[in-house]
K.L.:
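Below is one structure. I have some questions about it.
Atoms within each ligand, like the ligands themselves, are counted from 1 in listed order. Note that the structure is a prediction, hence the values are computed from the model and not measured.
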Amino acid sequence: MKSSRRTLLAAIAVLHLFAPLAAAAQDIKPRLIRFGYGLNEDSNQGRAVKFFAEEVEKASGGKMRIRAVGSAALGSDVQMQQALVGGAQEMMVGSTATLVGITKEMALWDTPFLFNNVAEADAVLDGPVGQKVMDKLPEKGLVGLVYWENGFRNMTNSKRPITKLEDFDGIKLRVMQNPVYLETFKTMGANAVPMAFSELFTALETKTVDGQENPYTTILSSKFYEVQRFVSATNHVYSPWIVMVSKKYWDALSRDEQRVLMDAARKSRDFERKDTREAAAKAVAELQAKGMQFNSLTPSETDKMRARLTQINASIATNVGMDLWNEAQAELSKIRSGGKGR
Ligand code: TK8
């Protein structure tokens, strides 16, 4: 009895001793941010997330910490978007194309051959049109910080080199879960199958699909060369990634904390685009070294593809809104006539 009382007193004393410490630990407990992405760590996406995480830790003096989770371990793009909206996950980066179900204006970036080169893409995405599209996110529970480069998309498949439009005929092609992509590849004559990126490698391996399309960097980092024979330089669309925060989480942050995330996102954008472009410049040679057969398309075949695909522009314009569509076209004309982006 006596001894148990003594133990109790001792325990209370210990608790008192540690109580202030526990409170202090609470104060300096870093805000832990789960940041999900679809590619693996050893990719342009993985490297940029790591860069972002380091910037945030540095700028916040260690008070904000990023737990980066790649390889779609937190879910596919679409699943992560839902988790952000619900507040179950704080941050992610993924394709704008997979966001169209939430924010229809994102489909502007799915327009085939919208940009001629990366300078045009940077100018429009970072300019007023890019911001206008991003500003549609908060009403859906998401906050967009910056666009990163995924890149110009190219075809791979296990059937034949794509040298002309007719070569798409009957190819069972995985596309992102997005109506514009579905329409684009149906228009080209392929048998388009929407599927999450996280399921793609297995689908190619088991021949559930014959092919897919993605930038060279992703074809390389996701090891698609192990399960695909042909890579063809179709460059049919430029696809951005977007870095987003759950609005529920964002609204709970102080202004300073929001600024830390925004500044780090901007720095990560510059890092990511440079890194991606360097990797893309070397990727075709590396894919060939891994055994893929590479071919480019003649300008006249590319023109035919472009002409065929302009058919779908009208429906994209209607979906994203005529004002936004016209604004994007006007911006591009301005860039092109100014000789910028050439
Ligand atoms: C990664 C995807 C990927 C995209 C795709 O989660 O799905 O093909 O290009 O980058 O967002």
K.L.:
Cut-off 3.5 Å, side chains only: do S268 and E272 have a donor facing an acceptor?
P.N.:
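There is no such pair (donor and acceptor under 3.5 Å, judged by atom type) between the side chains of S268 and E272.
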
K.L.:
Check the pair L324 / V133 against side chain to side chain contact (heavy atoms under 4.5 Å, CB included), numbers first and verdict last.
P.N.:
CA-CA 8 Å; L324 181 65; V133 174; 3.9 Å; yes

K.L.:
Stepwise, does the ring-ring contact (aromatic ring centres under 6.0 Å, His included) test hold for W241 with Y37?
P.N.:
CA-CA 10 Å; W241 281 323; Y37 60 99; 9.1 Å; no

K.L.:
Taking 4.0 angstrom as the limit, do R269 and D126 come out as a salt bridge?
P.N.:
yes

K.L.:
Pairwise, report which nitrogen or oxygen atoms of ligand 1 are under 3.5 angstrom from protein nitrogen or oxygen atoms, and how far apart they are.
P.N.:
residue  : atom   : partner : partner atom : Å
ligand 1 : 6 (O)  : D77     : OD1          : 2.7
ligand 1 : 7 (O)  : R174    : NH2          : 2.9
ligand 1 : 8 (O)  : R153    : NH2          : 3.0
ligand 1 : 8 (O)  : R174    : NH1          : 2.8
ligand 1 : 8 (O)  : N214    : OD1          : 3.3
ligand 1 : 8 (O)  : N214    : ND2          : 3.0
ligand 1 : 9 (O)  : N150    : ND2          : 2.9
ligand 1 : 9 (O)  : R153    : NH1          : 3.0
ligand 1 : 9 (O)  : R153    : NH2          : 3.4
ligand 1 : 9 (O)  : N214    : OD1          : 2.6
ligand 1 : 10 (O) : N150    : ND2          : 3.4
ligand 1 : 10 (O) : W241    : NE1          : 2.9
ligand 1 : 11 (O) : D77     : OD2          : 2.7
ligand 1 : 11 (O) : S95     : N            : 3.4
ligand 1 : 11 (O) : S95     : OG           : 2.9

K.L.:
Name the atoms and distances for all side-chain donor-acceptor pairs under 3.5 Å in residues 185-197, with sequence neighbours left out.
P.N.:
residue : atom : partner : partner atom : Å
T187    : OG1  : E183    : O            : 2.6

K.L.:
Apply side chain to side chain contact (heavy atoms under 4.5 Å, CB included) to residues V100 and D110 and explain how you reach the verdict.
P.N.:
CA-CA 10 Å; V100 166; D110 303 327; 3.6 Å; yes

